Amino acid sequence: MSESPALVTCNVLVLGAGAAGLRAAIAAHDAAVDTMILGSRGRADAHTALAAGGINAALGTHDPDDWRQHFADTYVEGHALADPPAIELLCREAPRALEELAAWGCPFARTPDGRLDQRYFGAHRHRRTCYAGDYTGRAVLDTLLAQVTRRGVPIVEQTYVSSLLCDGGVCFGAYAFDVATGRRTAYLADAVVLATGGHTRLWRYSSSRRDENYGDGMALALAAGCELGDMEMVQFHPTGMTHPEEWAGALVTEAVRGEGGKLFNAAGERFMGRYDPDRMELSARDRVAAANYVEIAEGRGGPHGGVFLDVSHLDREQITEKLPRIQRQFLEAQMLDITAGHMEVTPTAHYAMGGVVVEPESHGTGVDGLYAAGEVTTGVHGANRLGGNSLTETVVFGRRAGEAAATRARTLGAAHRSGSALVEAGEHLEALVGPGDAFALPVLRHLRDLMWRGCGVVRSAASLREALGALDDVRLASARIDVQPSPGGWVDLARACAVRAALPCCEATLRGALAREESRGAHRRSDHPEEAPSPYNLVVAERGRGTLGIEARAPRRVPDELRPLLAEPPAEAAAGKLLE
Ligand SMILES: Cc1cc2nc3c(=O)[nH]c(=O)nc-3n(C[C@H](O)[C@H](O)[C@H](O)COP(=O)(O)OP(=O)(O)OC[C@H]3O[C@@H](n4cnc5c(N)ncnc54)[C@H](O)[C@@H]3O)c2cc1C
């Protein structure tokens with residue numbers, strides 16, 4: 001495959017067809033610039049479709065809510081690491097973003113008098129989560145897709161981006177190949193929006209699906225000269241499936257505990273009594289995840305490496321009515337009837353709070369012409385994400401990034417191009433093609449095991465150093481991956497690209513976790529169990545020849561007028577508030 005690449009030009013190139021990418025493309029198109037979207041999978045097949053519980057905005061449908069309280073809850077849940085100007089934009093603009101989705105036909109649940117219904121989500125002071133059954137992400141994605149289609153914005157599907165095209169600190173496009181045919185194309189643009197999602201598939205148990213969320217966008221951004229922030233901040237959901245392999249890590253919704261599900265270890269002990277005797281299974285997400293992890297790590301797990309979650313004491317009708325998805329999921333995957341037998345569950349990597357550092361207003365990355373939005377970025381979630389805020393983030397900042405990219409495209413004097421950057425991107429991809437004695441999938445699996453052991457729910461200097469050492473072996477194996485076209489097309493090449501992206505993402509995450517000598521939010525260090533007196537962000541950037549440098553920075557201060565609101569929400573019973 002050494003023929004020269006096809007050339008395609010547009011004003012704004014959006015990488016990723018999840019909610020953030022689609023919203024960015026709509027904004028760019030509406031600003032009257034020629035826009036195009038690339039996605040590595042099919043058009044309706046982005047990770048966003050998995051989101052179930054809901055999307056937040058302080059609409060005040062039922063409670064006296066406003067954006068300031070939404071700000072305070074987000075900041076407090078993020079353990080003082082999130083960027084206040086970014087949260088302020090998120091919370092101020094969320095109502096407009098949701099009303100827009102509703103006006104575009106998103107089938108949100110309504111109150112009897114026709115307003116957008118809102119329900120509780122854990123750690124929110126008020127009911128501010130809008131929802132569409134238990135398929136909110138799918139509903140948002142389909143609504144945005146319909147708008148993209150209506151506007152005639154092209155989505156180039158099954159197209160894998162292997163490099164950003166950059167020269168002299170300016171990004172002017174992306175280099176990609178068609179996963180079916182292998183055909184290479186250089187997409188040249190005035191501005192690029194990166195919306196490629198997170199990196200949680202890099203853990204053994206992950207709520208992401210196969211072939212997504214290997215951190216591609218973070219690695220592309222790092223190579224382009226961007227900074228990555230707080231990569232060690234990964235939210236672990238307390239309950240994912242343990243088996244079979246293709247289901248490992250798939251989410252078991254917190255609603256199971258909300259409905260009265262009880263956790264037991266292999267000795268039959270209801271162990272939450274030792275971790276949070278007051279709230280038991282309704283304790284905070286990070287505390288239940290840590291409890292499950294410790295029980296398993298200390299050898300009190302079941303045959304598939306999990307603990308047991310039991311609802312068999314509940315009425316069959318209650319289970320069928322309230323937990324139909326989970327009931328079906330276990331029947332399909334394990335032939336298990338959860339009304340009679342217990343589920344085996346493990347914590348699962350669920351959401352990346354860290355990512356590309358962006359300026360709040362435009363979501364510019366610091367590299368001219370390159371913007372980013374959605375889970376690939378960092379800023380609004382700090383050390384722990386408030387449930388329902390990530391879908392809001394995709395639409396609020398997708399729009400902002402798309403508008404900023406369009407403004408750049410309209411005002412740019414001359415298009416930036418570089419033949420040598422194009423040649424380099426081609427060579428970078430071709431270097432992966434050829435025979436080898438290793439396969440990408442087992443290498444990825446090895447990496448995921450390594451991250452699980454070394455940088456799981458609870459980490460220590462020893463586990464992190466061991467993982468960093470083991471990463472060098474994976475680096476060597478990655479140079480020997482066999483990449484040939486197969487009847488399935490160039491899937492091997494896509495996976496080899498995923499390995500190449502995963503390596504710097506893992507390294508940045510491990511280095512961040514090692515440097516963060518404290519426990520804060522989702523980051524738990526067994527050797528540093530206390531929170532440091534002052535919060536700090538950890539920023540990683542390339543310092544030449546692939547070497548990563550790391551630096552601590554003080555977060556910006558919360559404006560004085562918002563400080564009085566910063567208090568933990570009242571510790572009411574969490575029943576009925578666990579939705580994700
Ligand atoms: C099970 C589950 C439940 C959740 N529930 C909720 C919820 O209730 N509320 C909430 O707010 N959040 C929830 N989340 C989180 C939320 O779904 C995500 O954070 C959000 O959808 C991310 O959207 P995105 O547009 O940033 O990225 P994604 O939806 O991940 O889209 C990324 C896009 O980039 C493409 N891409 C990636 N790499 C490349 C590449 N190299 N080349 C080309 N294209 C590429 C992908 O194909 C995809 O189109 C949940 C997550 C999970 C896993």
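Predicted, not measured: the structure shown is a model, and the values here were computed from it. Every number for a ligand or one of its atoms is a count from 1 in the order of the listing. Worth knowing before you read on, the calculation uses all heavy atoms, side chains too, and leaves out hydrogens, waters and symmetry mates.
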May I ask you to decide whether [X] forms a salt bridge with [Y], counting only side-chain N to carboxylate O separations under 4.0 Å?
X	Y	answer
E212	R209	yes
E361	R400	yes
R151	D30	yes

Report the part of [X] (side chain from C-beta onward, or backbone N, CA, C, O) that has a heavy atom under 4.0 Å from ligand 1; answer both or neither where that applies.
X	answer
S40	both
A176	neither
T394	side chain
T159	backbone
L15	neither
R43	neither
D216	side chain
L251	side chain

For P504 against A219, the heavy-atom pair lying closest together: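 Here P504 and A219 meet closest at CG-CB, 4.0 Å.
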Of all the atoms in ligand 1, which lie at a distance below 4.0 Å from a heavy atom belonging to G197?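 With G197 as reference, the close atoms of ligand 1 come out as 27 (O), 30 (O), 32 (C).
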Give the numbers and elements of all ligand 1 atoms closer than 4.0 Å to a heavy atom of A17.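 Ligand 1 atoms under the 4.0 Å threshold to A17: 33 (C), 48 (C), 49 (O).
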Would you please test R325 and Y135 for side chain to side chain contact (heavy atoms under 4.5 Å, CB included) and show each step? CA-CA 10 Å; R325 239 200 206 200; Y135 57 93; 4.1 Å; yes
G388 to ligand 1, any heavy atom closer than 4.0 Å: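 Contact present.
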Judged by modelled atom types alone, do H523 and D230 share a side-chain donor-acceptor pair under 3.5 Å?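 On atom types as modelled, these side chains do not qualify, holding no pair under 3.5 Å.
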E99: partners by side-chain hydrogen bond (donor to acceptor under 3.5 Å, both in side chains), with sequence neighbours left out: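 Expected list: none.
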For Y187, enumerate each residue passing the ring pair (Phe, Tyr, Trp, His ring centres under 6.0 Å) test, keeping only those at least two apart in sequence or located in another chain.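 Expected list: none.
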Could you work out, for atom 2 (C) of ligand 1, the closest of H47, R23, H350 by heavy-atom distance?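 Heavy atom nearest to atom 2 (C) of ligand 1 belongs to H350.
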